[in-house]
Amino acid sequence: MSTAQPAVLIDQEELAARIADLAREIRQDSPSGQLHFVCVLKGAFLFLGDLIRAMEGHVTIDFMACSSYGAGTTSSGEVRLSKDLDSGLEGRDVIIVEDIVDTGLTLHYLQEILLARGPRSLRTACLLSKPSRRKIDVKVDYVGFTIEDRFVVGYGLDYDEQYRNLPYIGVLA
Ligand code: 5GP
């Protein structure tokens with residue numbers, strides 16, 4: 001386990017302020033009615049928690065997990081569902097909550113399988129996006145922060161399962 005303390009890229013105050021903006025924006029786009037948030041585990045769990053606490057009105061949540069084959073700091077491009085949702089999506093206004101869009105392959109896969117389940121609407125909120133790394137053109141409706149091609153940790157994001165508990169987004173030296 002590394003003991004290096006990651007350098008701050010996005011601090012707690014910036015995260016809280018931007019997430020409050022995103023919550024307002026998402027709610028404004030659906031002024032009434034229930035929003036159903038699908039959190040992609042594990043990296044998006046803190047983002048989901050803060051996003052829905054900053055949001056007014058009715059919300060429900062569910063969780064799914066997927067993994068791309070291979071370890072380390074790059075993904076291999078093959079995606080596999082490792083935990084499915086508990087309930088169906090038919091007729092619901094669904095927001096996918098993702099930690100980071102890198103190549104876009106994971107999100108593209110998730111959007112395809114969730115759309116096939118018949119939601120009334122399907123949108124995506126990502127805390128972070130690295131557009132320079134895209135391999136596929138994927139639609140992201142709400143982006144917290146656009147960042148350069150650097151491997152980030154903290155605020156739910158890990159390196160080898162470490163650093164998820166950091167309250168900020170950091171970069172390893
Ligand atoms: P994609 O399929 O878009 O290439 O990768 C998406 C997934 O790769 C993210 O949900 C996340 O789990 C992981 N990932 C991509 N970039 C980073 C990064 O900079 N840091 C961490 N911790 N995970 C990343």
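Each ligand, and each atom within it, is numbered from 1 in the order the structure gives.
- With ligand atoms numbered from 1 in the order given, ligand 1 contributes 16 (N), 17 (C), 18 (C), 19 (O) to contacts under 4.0 Å with heavy atoms of K130.
- For ligand 1, the polar-atom distance check finds an N/O of G104 within less than 3.5 Å of one of the ligand's N/O atoms.
- M64 is listed as a side-chain neighbour of I113, based on a closest heavy-atom distance under 4.5 Å.
- Listed by atom number, the atoms of ligand 1 under 4.0 Å from T106 heavy atoms are 1 (P), 2 (O), 5 (O), 6 (C).
- Among the atoms of D99, some N or O lies under 3.5 angstrom from an N or O of ligand 1.
- Defined by atom type and a distance below 3.5 Å, a donor-acceptor pair is present between the side-chain atoms of S67 and R80.
- Using a 4.0 Å cutoff on heavy atoms, F151 counts as a contact of ligand 1.
- Taking distance alone, with nitrogen or oxygen atoms compared against 3.5 Å, V153 stays at or beyond that limit from ligand 1.
- Within ligand 1, the atoms closer than 4.0 Å to a non-hydrogen atom of E98 are 10 (O), numbered from 1 in the order shown.
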Could you pull out all donor-acceptor pairs under 3.5 Å where a side-chain atom in residues 118-128 meets a protein atom, sequence neighbours excluded?
{"from": "R120", "atom 1": "NE", "to": "D93", "atom 2": "OD1", "distance (Å)": "3.3"}
{"from": "R120", "atom 1": "NE", "to": "D93", "atom 2": "OD2", "distance (Å)": "3.4"}
{"from": "R120", "atom 1": "NH2", "to": "D93", "atom 2": "OD2", "distance (Å)": "2.7"}
{"from": "S121", "atom 1": "OG", "to": "D93", "atom 2": "OD1", "distance (Å)": "2.6"}
{"from": "R123", "atom 1": "NH1", "to": "S30", "atom 2": "OG", "distance (Å)": "3.4"}
{"from": "R123", "atom 1": "NH1", "to": "Y142", "atom 2": "OH", "distance (Å)": "2.8"}
{"from": "R123", "atom 1": "NH2", "to": "S30", "atom 2": "OG", "distance (Å)": "2.6"}
{"from": "T124", "atom 1": "OG1", "to": "Q111", "atom 2": "NE2", "distance (Å)": "2.9"}

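- In the vicinity of L157, heavy-atom distances shorter than 4.0 Å reach the ligand 1 atoms 21 (C), 22 (N), 23 (N).
- Checked for salt-bridge contact, R92 and D62 miss the test: no charged N lies under 4.0 Å from a carboxylate O.
- For atom 24 (C) of ligand 1, the choice among D160, I100, V40 with the nearest heavy atom turns out to be I100.
- Look at D158 and you'll find a heavy atom under 4.0 Å from some atom of ligand 1.
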In a table with atom names and distances, give each donor-acceptor pair under 3.5 Å that connects a side chain of residues 37-59 to protein atoms at least two apart or in another chain.
{"from": "K42", "atom 1": "NZ", "to": "E161", "atom 2": "OE1", "distance (Å)": "3.2"}
{"from": "K42", "atom 1": "NZ", "to": "E161", "atom 2": "OE2", "distance (Å)": "3.4"}
{"from": "D50", "atom 1": "OD1", "to": "R53", "atom 2": "NH2", "distance (Å)": "2.5"}
{"from": "D50", "atom 1": "OD2", "to": "Y155", "atom 2": "OH", "distance (Å)": "2.6"}
{"from": "R53", "atom 1": "NE", "to": "G49", "atom 2": "O", "distance (Å)": "3.2"}

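- For ligand 1, the atoms sitting less than 4.0 Å from at least one non-hydrogen atom of R150 are 19 (O), numbered in the order shown with element in parentheses.
- Assignment of H108 to the shell around ligand 1 is not supported, since no heavy atom sits closer than 4.0 Å.
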